[in-house]
Amino acid sequence: MPLALLALAVGAFGIGTTEFVMMGLLPDVADDLNISIPTAGHLVSAYALGVVIGAPLLAAATTRMSRRSVLIALMALFVLGNALSAVAPGELSLLAARFVSGLPHGAFFGVGAVVATGMVAPERKARSVSLMFLGLTVANIVGVPAATAMGQALGWRATFLGVSAIGVAAIAALAVLIPRENAPAPTTGLRGELAALRSLPVWLALGTTVAGFGALFAAYSYITPMLTDAAGFADASVTLLLALFGVGATAGNLLGGRLADHSLRGTLFGGLAALVVVLALFPVLMRTPVTAAVSVALLGMAAFVTGSPLQLMVMEKATAAPSLASSANQAAFNLANAGGAWIGGLALAAGFGVTSPALAGAGLAVLGLGVAGAAWAVDRRRGAAAVGRERVVAGHVPEEVERVRG
């Protein structure tokens with residue numbers, strides 16, 4: 001694997017740290033700015049909104065730039081957003097800074113995935129994407145706990161200065177390690193990139209992302225009350241247990257990348273099926289501390305097995321113009337975050353019990369399997385039609401094509 005993937009992973013590490021660290025700093029931020037914790041929670045939403053808007057917008061706006069330059073510019077915007085967060089004097093300015101911090105997130109992963117796959121042999125594309133995503137999953141194990149501890153010891157503003165420093169390191173790594181010839185400008189332009197989004201298979205792949213990762217966030221958004229109220233853990237133990245989620249996610253990400261290079265579709269179906277089983281068993285697994293801890297790791301593993309296959313599938317369905325579609329997939333991840341948390345909250349509000357969000361997530365994972373199955377059926381139908389056209393040109397209409405037409 002090229003050393004340039006390390007530069008992408010460093011950027012992903014910084015992005016993953018700033019995305020999730022705010023959850024642990026909410027009480028400190030609320031106290032310092034004299035606002036309530038629910039109001040401070042809007043800072044999480046502001047970042048997610050920046051991701052959803054920025055992913056397709058920035059990818060579309062930079063179609064004439066070399067992908068290497070785009071990645072460096074996106075990390076510069078990331079550094080600016082986090083530096084502004086560190087010096088924000090009040091709630092509104094911090095909301096705006098968090099929004100700016102989220103803007104480059106999706107486009108960085110989207111364009112980075114295109115660059116990563118372009119530097120390796122075809123049989124290693126999924127592994128290259130998983131190595132870039134490795135920075136994101138490792139951030140949950142190392143970056144977020146360290147940044148949270150820094151914020152609690154030195155003040156929350158120090159955390160965002162530290163994340164800005166990671167961004168500067170990522171810029172240096174991108175400039176040094178990514179060769180210019182491996183990340184040229186797209187040849188299709190904006191019109192070609194937009195045309196790729198008119199493809200039904202692309203939208204089915206994006207729908208699978210929303211449903212599959214919505215299943216994860218339906219449960220993960222409420223994992224703390226499950227661990228404390230159902231499994232009986234003390235509040236102080238939750239941070240360590242969430243690190244187990246990061247370990248599982250890292251293992252699943254690496255495993256998914258390796259398996260997807262052998263069978264992309266099979267890995268996707270297997271990961272979604274495993275997610276259904278894990279989430280459906282949550283009410284049982286949460287009855288004892290040991291099985292609850294195991295379930296947290298299994299949740300991260302089952303969900304992130306599908307990460308690189310989903311990213312690669314979207315890119316393959318938009319082969320001629322993958323940058324915008326790849327970035328749109330990152331927006332889909334964040335829509336899954338918001339939508340999954342909302343659906344899990346509905347289950348809780350309906351009084352179905354503290355583990356009910358996991359069952360709601362299992363339903364979403366089943367929906368993801370259904371969308372993935374529909375995508376597979378469309379591909380088969382289109383493949384049969386393509387074979388039929390080739391044989392008709394040769395003067396023969398095969399029986400199987402006649403059945404498809406019927």
Side-chain angles (χ1 to χ4, degrees), residues 20 23 137 140-141 144-145 208-256 259 266-307 309-310 333 336-373:
F20 294 108
M23 286 76 158
T137 58
N140 282 282
I141 305 173
V144 174
T208 305
T209 296
V210 173
F213 271 80
L216 165 65
F217 287 110
Y220 188 67
S221 299
Y222 305 96
I223 196 69
T224 296
M226 289 190 214
L227 291 170
T228 55
D229 297 349
F233 282 102
D235 291 343
S237 304
V238 172
T239 301
L240 179 60
L241 291 165
L242 294 184
L244 281 179
F245 173 85
V247 171
T250 300
N253 173 55
L254 293 174
L255 179 64
L259 293 177
T267 303
L268 179 58
F269 279 122
L272 287 171
L275 190 57
V276 171
V277 173
V278 171
L279 288 170
L281 289 176
F282 247 56
V284 176
L285 296 173
M286 283 289 163
R287 291 177 182 174
T288 70
V290 173
T291 56
V294 171
S295 69
V296 172
L298 289 177
L299 177 63
M301 179 177 288
F304 278 85
V305 160
T306 66
L310 282 169
F333 277 118
N337 189 337
W342 176 68
I343 291 173
L346 289 179
L348 273 180
F352 292 129
V354 71
T355 58
S356 61
L359 296 180
L364 285 172
V366 171
L367 177 61
L369 275 171
V371 178

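- The side chain to side chain donor-acceptor pair (under 3.5 Å) analysis of residues 241-252, with sequence neighbours excluded, yields the pairs T137-T250.
- Pairs engaging residues 273-292 under the side chain to side chain donor-acceptor pair (under 3.5 Å) rule: T288-T291 [sequence neighbours left out].
- Sorted by first then second residue, the side chain to side chain donor-acceptor pair (under 3.5 Å) pairs that include residues 267-282, not counting sequence neighbours, number zero.
- The minimum heavy-atom distance linking P357 with G344 is given by the pair CG-O, 3.6 Å.
- The distance from the CE atom of M301 to the CG atom of L244 is 11.0 Å, given to the nearest 0.5 Å.
- Contact detail for L364 and G340: the closest heavy-atom pair is CD1-CA, 4.4 Å.
- Classified by interplanar angle (parallel below 30°, tilted 30° to 60°, perpendicular above 60°), the ring pair F245/Y220 is parallel.
- Residues M286 and S295 come closest through the heavy atom pair CE-OG, 3.5 Å.
- Residues that satisfy the side chain to side chain contact (heavy atoms under 4.5 Å, CB included) test with V210, not counting sequence neighbours, are A332.
- Atom CG of N140 is separated from atom CG of L242 by 8.5 Å, given to the nearest 0.5 angstrom.
- Taking CZ of F352 as the start and CG of L359 as the end, the distance is 10.0 Å to the nearest 0.5 Å.
- Side chain of Y222 to backbone of G345: a donor-acceptor contact under 3.5 angstrom is found.
- Once rounded to the nearest 0.5 Å, the distance linking CG of L272 with OG1 of T208 reads 7.5 Å.
- Between atom OG1 of residue T306 and atom CZ of residue F269 there is a gap of 12.5 Å, rounded to the nearest 0.5 Å.
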I'd like to know whether T209 forms a side chain to side chain contact (heavy atoms under 4.5 Å, CB included) with F333, so could you lay out the CA-CA distance, the side-chain angles of the two residues, the decisive distance to 0.1 Å, and finally the verdict.
CA-CA 6 Å; T209 296; F333 277 118; 3.7 Å; yes
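- Here the shortest heavy-atom pairing between G353 and L348 reads O-CD2, 3.4 Å.
- In this structure T355 satisfies the side-chain hydrogen bond (donor to acceptor under 3.5 Å, both in side chains) test with no other residue, sequence neighbours excluded.
- In this structure, A336 and F217 approach most closely via the heavy-atom pair O-CB, 3.9 Å.
- Contact detail for A292 and F233: the closest heavy-atom pair is CB-CE1, 4.0 Å.
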Show me, pair by pair, the donor-acceptor contacts under 3.5 angstrom made by side chains of residues 273-281, not counting sequence neighbours?
none

